[in-house]
*Asks:* 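So that we are looking at the same thing, I have put the structure below in structure tokens.
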Amino acid sequence: MELSALIKEQIERDRRRGFAVDFDSEKSREDQLMRDLVGLFGEVGEFSNLLKKVTLARTTEGYSGPTLGDATPHLREELADAAIYIFRLATILGGNLEQDIIEKIRRNDERYRDLEH
């Protein structure tokens with residue numbers, strides 16, 4: 001499935017579940033952007049906290065924590081949660097995330113071409 005189709009599917013699910021993706025005012029749109037940004041930060045925080053525990057388990061004698069292998073499925077789930085929030089933020093802003101990413105890759109190719117071997 002292409003990214004644009006995946007985003008469309010997620011947004012339709014959000015609509016069916018009553019999660020705001022359509023707005024009658026700039027204020028309500030801005031408020032939802034803020035709520036989704038907080039949600040995104042929460043998911044990134046969960047990812048970060050688990051990775052911290054993995055690193056502590058590897059580097060701190062006596063600390064009992066998960067290995068990276070054990071934590072990987074949960075880390076991937078947190079990244080998926082974060083991606084869904086990014087899909088929502090892009091949609092609320094009226095963007096096409098797939099095209100925005102393609103354009104950013106193109107600009108980065110120009111910016112960093114001297115670093116390529």
Side-chain angles (χ1 to χ4, degrees):
M1 181 178 287
E2 291 188 11
L3 183 59
S4 289
L6 185 63
I7 292 169
K8 183 177 179 184
E9 289 246 345
Q10 179 60 49
I11 297 304
E12 287 305 316
R13 283 178 168 85
D14 286 349
R15 268 193 193 98
R16 287 195 311 266
R17 294 169 183 159
F19 298 126
V21 291
D22 304 300
F23 307 95
D24 57 4
S25 72
E26 285 297 297
K27 181 187 180 318
S28 62
R29 192 171 87 132
E30 182 182 320
D31 289 346
Q32 189 61 51
L33 283 167
M34 185 60 71
R35 284 190 292 275
D36 284 347
L37 181 61
V38 170
L40 172 60
F41 286 168
E43 299 303 337
V44 171
E46 290 180 38
F47 180 95
S48 177
N49 190 48
L50 182 53
L51 188 57
K52 174 190 74 175
K53 291 174 183 177
V54 167
T55 302
L56 283 170
R58 182 178 49 79
T59 61
T60 306
E61 190 174 324
Y63 183 86
S64 178
T67 65
L68 182 56
D70 291 339
T72 293
H74 191 70
L75 289 167
R76 290 176 57 190
E77 183 178 345
E78 297 305 339
L79 287 177
D81 288 341
I84 289 170
Y85 276 109
I86 290 171
F87 294 173
R88 289 181 51 76
L89 290 164
T91 299
I92 292 167
L93 290 170
N96 179 324
L97 187 59
E98 186 172 28
Q99 288 302 313
D100 293 343
I101 291 169
I102 290 168
E103 175 58 24
K104 184 61 177 179
I105 289 170
R106 186 194 64 72
R107 285 188 295 171
N108 284 343
D109 283 347
E110 291 175 16
R111 180 179 294 151
Y112 300 115
R113 89 180 83 180
D114 293 340
L115 299 176
E116 294 185 15
H117 304 275

*Asks:* Do Glu78 and Leu50 come close enough that some side-chain heavy atom pair is under 4.5 Å?
*Replies:* no
*Asks:* Between Phe41 and Tyr85, is there a shared hydrophobic cluster once you connect ILVMFWY residues whose side-chain heavy atoms come closer than 4.5 Å?
*Replies:* yes
*Asks:* Roughly how far apart are Gln10 CD and Thr91 OG1, rounded to 0.5 Å?
*Replies:* 9.5 Å
*Asks:* Between Glu116 and Arg113, is there a side-chain N and carboxylate O pair less than 4.0 Å apart?
*Replies:* no
*Asks:* Considering only NZ, NE, NH1 and NH2 on the basic side and carboxylate oxygens on the acidic side, decide whether Glu110 and Arg106 come within less than 4.0 Å.
*Replies:* yes
*Asks:* Identify the two heavy atoms, one from Gln32 and one from Ala20, that lie closest to each other, and give their separation to 0.1 Å.
*Replies:* OE1-CB, 3.5 Å
*Asks:* Considering only heavy atoms from C-beta outward, does the side chain of Phe23 approach that of Asp31 to under 4.5 Å?
*Replies:* no
*Asks:* One pair to check against side chain to side chain contact (heavy atoms under 4.5 Å, CB included): Arg13 and Phe19. What are the steps and the verdict?
*Replies:* CA-CA 9 Å; Arg13 283 178 168 85; Phe19 298 126; over 6 Å; no
*Asks:* Taking all non-hydrogen atoms of both residues into account, name the closest pair between Leu68 and Val54 and its distance.
*Replies:* N-CG1, 3.6 Å
*Asks:* Is any side-chain heavy atom of Glu98 closer than 4.5 Å to a side-chain heavy atom of Ile7?
*Replies:* no
*Asks:* If hydrophobic clusters are built by linking Ile, Leu, Val, Met, Phe, Trp and Tyr wherever their side-chain heavy atoms come under 4.5 Å apart, do Ile84 and Ile92 end up in the same one?
*Replies:* no
*Asks:* Among Arg15, Arg88, Arg29, which one satisfies salt bridge (charged side-chain N to carboxylate O under 4.0 Å, His left out) with Asp22?
*Replies:* Arg15
*Asks:* Does one hydrophobic cluster hold both Leu79 and Leu89, with members joined at side-chain heavy-atom distances below 4.5 Å?
*Replies:* no
*Asks:* If I take atom CD1 from residue Ile105 and atom CG from residue Asp100, how far apart are they, to the nearest 0.5 angstrom?
*Replies:* 11.0 Å
*Asks:* For Phe87 and Leu6: C-alpha separation, side-chain torsions, deciding distance, then whether side chain to side chain contact (heavy atoms under 4.5 Å, CB included) applies.
*Replies:* CA-CA 9 Å; Phe87 294 173; Leu6 185 63; 4.1 Å; yes
*Asks:* Do Val38 and Leu40 share a hydrophobic cluster, counting only Ile, Leu, Val, Met, Phe, Trp and Tyr and linking them when any side-chain heavy atoms are less than 4.5 Å apart?
*Replies:* no
*Asks:* Less than 4.0 Å between a side-chain N and a carboxylate O, is that true for Arg16 and Glu12?
*Replies:* no
